[in-house]
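Counting starts at 1 for both ligands and their atoms, in listed order.
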Amino acid sequence: MKLLLTGGAGYIGSHVAALAEREGHSVTIVDDLSTGIANRIPRPVVDINLASTESVERLSRLMRETEFDAVIHLAARKQVGQSVEIPEQYFLDNIGGLANLLLAMREHDVKKLVFSSSAATYGMPTLDLVDEDYPGVPINPYGQTKLAGEWMVKNAAAWGLRGVNLRYFNVAGSESKKLADTAELNLIPIAIAQLKRGEQPIVFGTDYPTPDGSCIRDYVHVEDLAKAHLMAVGYLDRPVQEFATFNVGTGQGASVLEVLEELREASGIEFEEVLADRRPGDPPRLVANTNRIEKMLGFKASFGLKEIVKSAWDAAN
Ligand code: WQD
């Protein structure tokens with residue numbers, strides 16, 4: 001298939017690109033390299049800032065040259081804290097970028113889209129395993145832009161778009177050093193970077209209503225997530241799509257302390273974590289109900305926490 005992949009020089013996007021090529025697809029990457037890294041991928045990227053005024057015209061040119069079968073849209077800003085500081089920029093880039101992409105797709109009759117959404121759309125869920133029908137309310141601008149993006153994908157059904165929203169849980173791990181998550185923005189890369197600097201990882205909150213008091217998340221290996229994208233493209237080929245939104249997780253929760261225990265093992269470093277206060281806005285537990293994606297897409301994560309943490313450590317060393 002001919003795929004247009006936005007954000008393909010990013011940590012997740014480069015894993016999607018690598019897998020798509022291994023599966024025999026031809027992939028064109030659009031990335032403005034604002035956070036992406038060009039040498040993650042073996043070919044030049046088309047440098048388009050999707051939120052810019054000229055983007056529809058530039059995307060149109062690309063779509064005139066190549067008749068894409070589907071678009072996988074990952075290009076976006078993704079830092080929760082930053083989204084609280086500069087919400088307008090998040091709405092401009094995440095919503096404006098998607099609007100421009102949809103305008104170009106509509107003009108060129110490209111009717112299949114896989115959209116990178118997030119478990120941040122759920123806000124503070126109270127279910128042990130949160131399912132896609134849970135009426136979540138995002139608690140930060142980042143999550144709001146992702147939920148609004150899902151609405152945009154849904155509305156575009158009016159002109160014939162078939163869209164899938166993938167709600168990522170906590171993505172980590174790496175297939176290689178080259179594709180490693182080098183940004184220190186999430187627990188596993190932050191803790192690895194701290195250990196490499198001789199510092200101790202920090203646990204934000206040890207008094208949550210969880211068995212060990214630290215927050216529980218659903219960590220999913222980035223290679224499994226990449227696989228889910230290609231399965232979603234396959235799903236859009238079916239004559240009818242019963243659902244548009246899918247959780248991508250493992251259905252297994254792990255606490256911050258459990259993650260750090262795996263890191264102790266993977267690194268061989270006998271560190272003592274620093275027990276700190278809660279970080280504002282953290283739900284105590286966020287774990288995916290994976291029934292829908294298993295049933296409809298046949299997706300099941302093949303890697304567990306041990307492999308995730310070990311691959312992240314190996315990629316960073
Ligand atoms: C995980 C847990 C922290 C750092 C965010 C977004 C979500 C998705 C993934 C994009 C929490 C704790 C962290 C540290 C810690 N992003 N922690 N010490 O907040 O679950 O999810 O990233 O779609 O939308 O909200 O991920 O990795 O920041 O934190 O104790 O140094 O680790 O408090 O419980 P989070 P995270």
- Please say whether D282 places an N or O atom under 3.5 Å from an N or O atom belonging to ligand 1. yes
- What atoms in ligand 1 come closer than 4.0 Å to a heavy atom of C215? 34 (O)
- Message: Counting non-hydrogen protein atoms only, what is the nearest one to atom 26 (O) of ligand 1? Give residue, atom name and distance.
- Response: N170 ND2, 3.2 Å
- Task: Decide, yes or no, whether a salt bridge links D207 with R278 under the criterion of side-chain N to carboxylate O below 4.0 Å.
- Result: yes
- Query: Quick check: does Q194 get an N/O under 3.5 Å from an N/O on ligand 1?
  - Reply: no
- Give the residue and atom name of whichever protein heavy atom lies nearest to atom 27 (O) of ligand 1, and the separation in Å to one decimal. L187 N, 2.7 Å
- Output yes when K306 and E258 qualify as a salt bridge under the 4.0 Å nitrogen-oxygen rule, no when they do not. no
- Verify the distance criterion only: is there a donor paired with an acceptor across the side chains of S302 and D224 at less than 3.5 Å? yes
- Message: Suppose we measure from atom 1 (C) of ligand 1 to each protein heavy atom; which comes out shortest, and what is that distance?
- Response: Y219 OH, 3.7 Å
- Query: Is R167 positioned over the aromatic face of Y122, cation under 6.0 angstrom from the ring centre and no more than 45 degrees off axis?
  - Reply: yes
- Return the option from F169, Y208, F204 holding the heavy atom at the smallest distance from atom 15 (C) of ligand 1. F204
- Only one of M63, K112, M1, H108 passes side-chain contact (heavy atoms from CB on, under 4.5 Å) with F68, and that residue is M63
- Of all the non-hydrogen atoms in the protein, which one sits nearest to atom 20 (O) of ligand 1, and at what distance? R217 NE, 2.6 Å
- Task: Compare all side-chain heavy atoms of Y142 with those of Q79 and state whether any distance is below 4.5 angstrom.
- Result: no
- Note on the structure: For V203, the ligand 1 atoms with a heavy-atom partner under 4.0 Å come out as 30 (O)
- Heavy atoms, side chains only, cut-off 4.5 Å: are L195 and S267 in contact? yes
- Using side-chain contact (heavy atoms from CB on, under 4.5 Å) as the criterion, point out the one residue from L257, V287, L286 that pairs with I216. V287
- Residue, atom and distance of the protein heavy atom nearest atom 8 (C) of ligand 1 read S118 OG, 4.3 Å
- Closest to atom 22 (O) of ligand 1 (judged by heavy-atom distance), picking from D218, I202, N186: N186
- Nearest protein heavy atom with distance in Å, relative to atom 12 (C) of ligand 1: V256 CG2, 3.7 Å
- Message: Considering non-hydrogen atoms of the protein only, which is the closest contact for atom 19 (O) of ligand 1, and what is the distance?
- Response: R279 NH2, 2.7 Å
- Item | E242/K295 ion pair, N-O < 4.0 Å | no
- Counting heavy atoms only, which of Y142, Y168, Y122 is nearest atom 16 (N) of ligand 1? Y142
- What's the shortest distance from atom 25 (O) of ligand 1 to any protein heavy atom, and which residue and atom give it? V80 CG2, 3.3 Å
- Item | K310 with E307: basic N within carboxylate O range, under 4.0 Å | no
